[in-house]
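First up is the structure itself, then whatever we jot down about it.
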Amino acid sequence: PVVMMTKPDFDYDPKAAERRAVVYETYKHALANGDKNVYFLDGAWMYNKPIPEMTADGLHPTDETFERFADILEPIIRRLINA
């Protein structure tokens, strides 16, 4: 499987919408060309608190934040690998 995921700090990066669109269009292009083993994850929902509370410096996630990301992504990736 190929997982295409956008940045989690969507609201804090002025170029995030443009980058998200590129990732999503790439995903749609792969599907349209017959690739059935690609998946799109919108990282915008990865943070559950304001960015300053989930990062050490407004940019780099804390250990707790990385643990949250792992808790979210692990079951998704496990399911895709075992499919």
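Judged by distance alone, the side chain of N33 and the main-chain N or O of H29 form a donor-acceptor pair under 3.5 Å. Between the side chain of T65 and the backbone N or O of T55 there is no donor-acceptor pair closer than 3.5 Å.
A tilted orientation is assigned to the rings of Y27 and F40, their planes being inclined by 30° to 60°. Ring-plane geometry between F69 and F66 is classed as perpendicular, the angle between the planes exceeding 60 degrees on a 0 to 90 degree scale with a lower cut at 30.
Across every non-hydrogen atom of P75 and A70, the tightest pair is CD-O, 4.4 Å.
Of the inter-residue distances, the one linking M5 atom CE with I77 atom CD1 reads 8.5 Å to the nearest 0.5 angstrom. Put simply, CD1 on I51 and CG on L59 are 9.5 Å apart, with the number rounded to the nearest 0.5 Å. One finds the OH atom of Y47 at 11.0 Å from the CD1 atom of I72 (value rounded to the nearest 0.5 Å). The structure places CG of L41 at 8.0 Å from OG1 of T6, a figure rounded to the nearest 0.5 Å. For the atom pair L80 CG and L73 CG, the distance stands at 10.5 Å (nearest 0.5 Å).
Looking only at side-chain heavy atoms (C-beta outward), V38 and L31 come within less than 4.5 Å of each other. The shortest distance between side-chain heavy atoms of P8 and W45 does not fall below 4.5 Å. Side-chain contact between M54 and N48 is present, with heavy atoms from C-beta onward closer than 4.5 Å. Side-chain contact check for M46 versus R68: every heavy-atom pair is 4.5 Å or farther apart.
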Could you please spell out the steps behind the salt bridge (charged side-chain N to carboxylate O under 4.0 Å, His left out) verdict for E64 and K49?
CA-CA 12 Å; E64 178 184 340; K49 299 177 192 170; 3.6 Å; yes

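With respect to K28 and E25, a salt bridge is recorded, a charged nitrogen being found less than 4.0 Å from a carboxylate O.
Among residues two or more places apart in sequence or in another chain, the ring pair (Phe, Tyr, Trp, His ring centres under 6.0 Å) test is passed with Y39 by none.
For D57, the CG atom counts as densely surrounded, since its 6.0 Å shell holds more than 12 non-hydrogen atoms of other residues, nucleotides or ligands.
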